[in-house]
Number of protein chains: 4
Amino acid sequence: MKDIQSSKDTRGVEIQKVGIKDLEFPLVIQRKDAEDQVVYANTKVSVSLPAHYKGTHMSRFVEVLNEWRNKELSVDIQGCIADVVEKLSAKSGYMKLKFKYFIDKKSPVTGIIAPMCYDCSFEGVLNNYGEEDEEYEFILGVKVPVTTLCPCSKEISQYGAHNQRALVSVKIKYDDDAHIWLEDLIKMIEGCSSCELYSLLKREDEKYVTEHAYNNPKFVEDVLRDVVLELRNNPVIDWFEVECESIESIHNHSAWAYQKEG
Amino acid sequence: MKDIQSSKDTRGVEIQKVGIKDLEFPLVIQRKDAEDQVVYANTKVSVSLPAHYKGTHMSRFVEVLNEWRNKELSVDIQGCIADVVEKLSAKSGYMKLKFKYFIDKKSPVTGIIAPMCYDCSFEGVLNNYGEEDEEYEFILGVKVPVTTLCPCSKEISQYGAHNQRALVSVKIKYDDDAHIWLEDLIKMIEGCSSCELYSLLKREDEKYVTEHAYNNPKFVEDVLRDVVLELRNNPVIDWFEVECESIESIHNHSAWAYQKEG
Amino acid sequence: MKDIQSSKDTRGVEIQKVGIKDLEFPLVIQRKDAEDQVVYANTKVSVSLPAHYKGTHMSRFVEVLNEWRNKELSVDIQGCIADVVEKLSAKSGYMKLKFKYFIDKKSPVTGIIAPMCYDCSFEGVLNNYGEEDEEYEFILGVKVPVTTLCPCSKEISQYGAHNQRALVSVKIKYDDDAHIWLEDLIKMIEGCSSCELYSLLKREDEKYVTEHAYNNPKFVEDVLRDVVLELRNNPVIDWFEVECESIESIHNHSAWAYQKEG
Amino acid sequence: MKDIQSSKDTRGVEIQKVGIKDLEFPLVIQRKDAEDQVVYANTKVSVSLPAHYKGTHMSRFVEVLNEWRNKELSVDIQGCIADVVEKLSAKSGYMKLKFKYFIDKKSPVTGIIAPMCYDCSFEGVLNNYGEEDEEYEFILGVKVPVTTLCPCSKEISQYGAHNQRALVSVKIKYDDDAHIWLEDLIKMIEGCSSCELYSLLKREDEKYVTEHAYNNPKFVEDVLRDVVLELRNNPVIDWFEVECESIESIHNHSAWAYQKEG
């Protein structure tokens, strides 16, 4: 059976990334201080393709994921990308996994435990595989829902202050020999908000989060700056991107702030 | 060229609805006290198909929409559905249009005017077309973003109260000889919330909406009940469905209430 | 601390459904011939609320889910809904769980196994709980991606035929003493298409699925009718709703067919 | 009334982008060889914020959009961004508009005209406003749905070939004194596919597009390379990003290729 993909291409265009997108796949993630967690990842996996080949072999991406299905991916995915690059005889490879990650949280006063869900991502780029100048980059991503309470609204109003759910999205790169757990990154981000969120709050807890948010008014600018300072002050973090979006309770649009450094 | 669609089907299954979905199409809507508005509608159009025909003729749905492109659809779509049913030689027809609708709103204190966007829908069902028992039903739908401020949080906290954006979705059927404008339906719904939303608020306005919401605490249950009472008390409304969803600022999930009557 | 929710409401509106929506929660589903599967469910849970109460107690919904977190939900959720209704002292309760479900599939020629993901749902309604006329209804839902190849395009063209991914959504109710597995329902639906989909296909498999689809041209009308006949012929199924949507490869909209019976 | 936003911030973090996101707003776009088109844009607008200010003034973004509501934005948005930067006394500004754009297309054989909808975007960055080193960049974006027919499937199968809808997303930057119309960019991209899409096709047209796609089999790699060559060969284009995603008819995931140059 003819291998069309391997036939010669004469257009002279080396492709940077070609592969598969939106394959839903079960994988296993290592947790901090806990058992591994099965995650259902939305995957994007690709390799580079030399100019002289017509196409890549799409089925091999799924074959490699299949082999990694029950291995522990840890917070890192370099091994899996290396297998992809190897199997496709490519020079470089790329993988992005997006998944829901659950963490048990204790409510602030009554201490009841319930799971909170966070949208997380692992992204890895492996260039010049097997060469002297091989390089690997890993990006850890998380989207953390929090409360923001408006300092302006609080200041100018006789009582009350508008507040709302906000989303803080953070992506980071860090030193090869360091390791940053999703659990710790999420906790840091939650600490920069007017108040963190919970799945389960009894009345005593609700009183606490209401008053705590009122005592910690924050614009998206404030949340962004506090997260930026935390990331700047972490010596193992080399690069970051932060976004804060408040789903304004008084508008039908969001307030938004963005920073990229490193 | 053979007409496969018209060939005989022997499975004996009369199909209730068959047609097209997710066709984006420009149409013209009549506004209250204003010029017509061009809307970009996400359309679903279908007809019934007798058991003995293999298929319907999909291109004809688009042909009819094409003919209606520059006509004024008013808030009603019966004429367009009738054309579809006629052209497809069907017994009954269905159409749903979902579109963004813009209304100029004045901010509550400074009176500045800016457009607000609402997700609206027109839905029509025409049965037994041309028969004695022909019947037509029209459903007007709108999703209105508002503020809800939690009565429990206000009561139990020393200061502040959590509040958030909420979405009130309403669908109604009304008497054939009556007409309900989107503008009026939206205004009624906004009046049932803790406070309505605006695209543009200066500082004096923000003080007003903050205090107004604090003075009108409402659970999703309260918003729902107030909307339900308004709809029950409108003599031309025969049927309604109401949903209220608060995008809780203290949780990563929503509070939700639902009612269908008539 | 005052219980605002339990305070008296005088508007006289009994609420049909009030509760929580879009809570992401880990639960355990029983599989056919296999170990249980952890699923990450998007949950909607509600109860009815008598006219004289101002509000329901939102935290209790999460408390009940928390208790059910490690229990096996089987394909049924009546027990969990009963716990909700009991805990909220309500007359009726409702729950909907939407989740991704993975099934290992063997490719048609080379027989390689890889997981396929399906969007599934469990929906339950419990009315008049504890009364003589207590009634429970369960709806099993699944969205199955398949291939459809156009019979008209095949007939009129000298070679080739347009084909595309299509989505077949089915919801069913069945007898209390019967049990229908997701695995079986999905397999039946896939059998009604031009060809079923796979995560992993080698070249021999791709030849097979290409030719198999070409030999089984089907309109959305055909897929719908074949699924409807299967459901009609299953004596334990009392009610069903079927939708088939082809993401047309020659248009930027879908072909769509719909049927509800029972 | 106190202006909290203008109060002093001591954290020393200059913010790169702060503003509003997801404001739906009606604007007017200049068309090629035709009347202007009203578009309903999803807008993101931001400015930079000096380290010593606590916050930006969110209402002013909406005020500027309000002023531009009935002006013709052309395919460029520099003037509007300059107004934003001016009004907010900022150093730099950013704006992104995403909108649906309709173009009338003639079917290939019968020549019937019907509108096709394309997701388009205008993105502009204005840095060091009013300084000697002021610079402005504009990015034109479009997502074009097309057909791809698999060369491998065609080659190895006795008859037929799997094909599907694919999305080609292109972003470009071009010389200041040049102008590229959405209409021309879209036409070029459609020409690089196995076949372009239409809203309305009669049977003669369907025969044509079926056979045309079969005669022009293309992997995502092929579409990407052909688009890349077109963009490389256009002397006024300085930078581009191309993505091609085939919504595979034989899988539940996509084939995907990506390139960025310039």
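Below, read A as the first sequence line, B as the second, and so on, with proteins coming before strands; counting in each chain starts at 1. Remember, it's a predicted structure, so these values are computed and weren't measured experimentally. Hydrogens, waters and symmetry mates are skipped; everything else that's a heavy atom, side chains included, is used.
Residue A/Leu23 touches chain C through its side chain alone, counting heavy-atom pairs closer than 4.5 Å. For C/Asp205, no part sits under 4.5 Å from any heavy atom of chain A, backbone or side chain. Contact of C/Asp119 with chain A is not made at all, since no heavy-atom distance falls under 4.5 Å. The part of C/Ile113 that comes within reach of chain A is its backbone (N, CA, C, O), which places non-hydrogen atoms under 4.5 angstrom from that chain. For A/Phe25, the parts lying near chain C are the backbone and the side chain together; criterion is any non-hydrogen pair under 4.5 Å.
For A/Lys106, the NZ atom counts as loosely surrounded, since its 6.0 Å shell holds 12 or fewer non-hydrogen atoms of other residues, nucleotides or ligands. Around the NZ atom of C/Lys87, the shell of radius 6.0 Å holds more than 12 heavy atoms that belong to other residues, nucleotides or ligands. More than 12 heavy-atom neighbours from other residues, nucleotides or ligands sit within 6.0 angstrom of NZ on A/Lys202. By the neighbour-count criterion of 12 heavy atoms within 6.0 Å, atom CZ of C/Phe99 is densely surrounded, having more than that number from other residues, nucleotides or ligands. By the neighbour-count criterion of 12 heavy atoms within 6.0 Å, atom CZ of C/Phe102 is densely surrounded, having more than that number from other residues, nucleotides or ligands.
Here the straight-line distance linking atom SG of A/Cys117 with atom CG of C/Asp22 works out to 11.0 Å at 0.5 Å rounding. C/Leu65 CG to A/Ser199 OG: the interatomic distance, rounded to the nearest 0.5 Å, is 10.0 Å.
When the candidates A/Lys100, A/His57, A/Glu206, A/Glu63 are compared by the number of heavy-atom contacts under 4.5 Å with chain C, A/Glu63 comes out ahead. For the set A/Glu24, A/Arg203, A/Met1, the entry with the most heavy-atom pairs within less than 4.5 Å of chain C is A/Arg203.
Closest non-hydrogen pair, A/Pro115 versus C/Asn66, comes out as CD-OD1, 3.5 Å.
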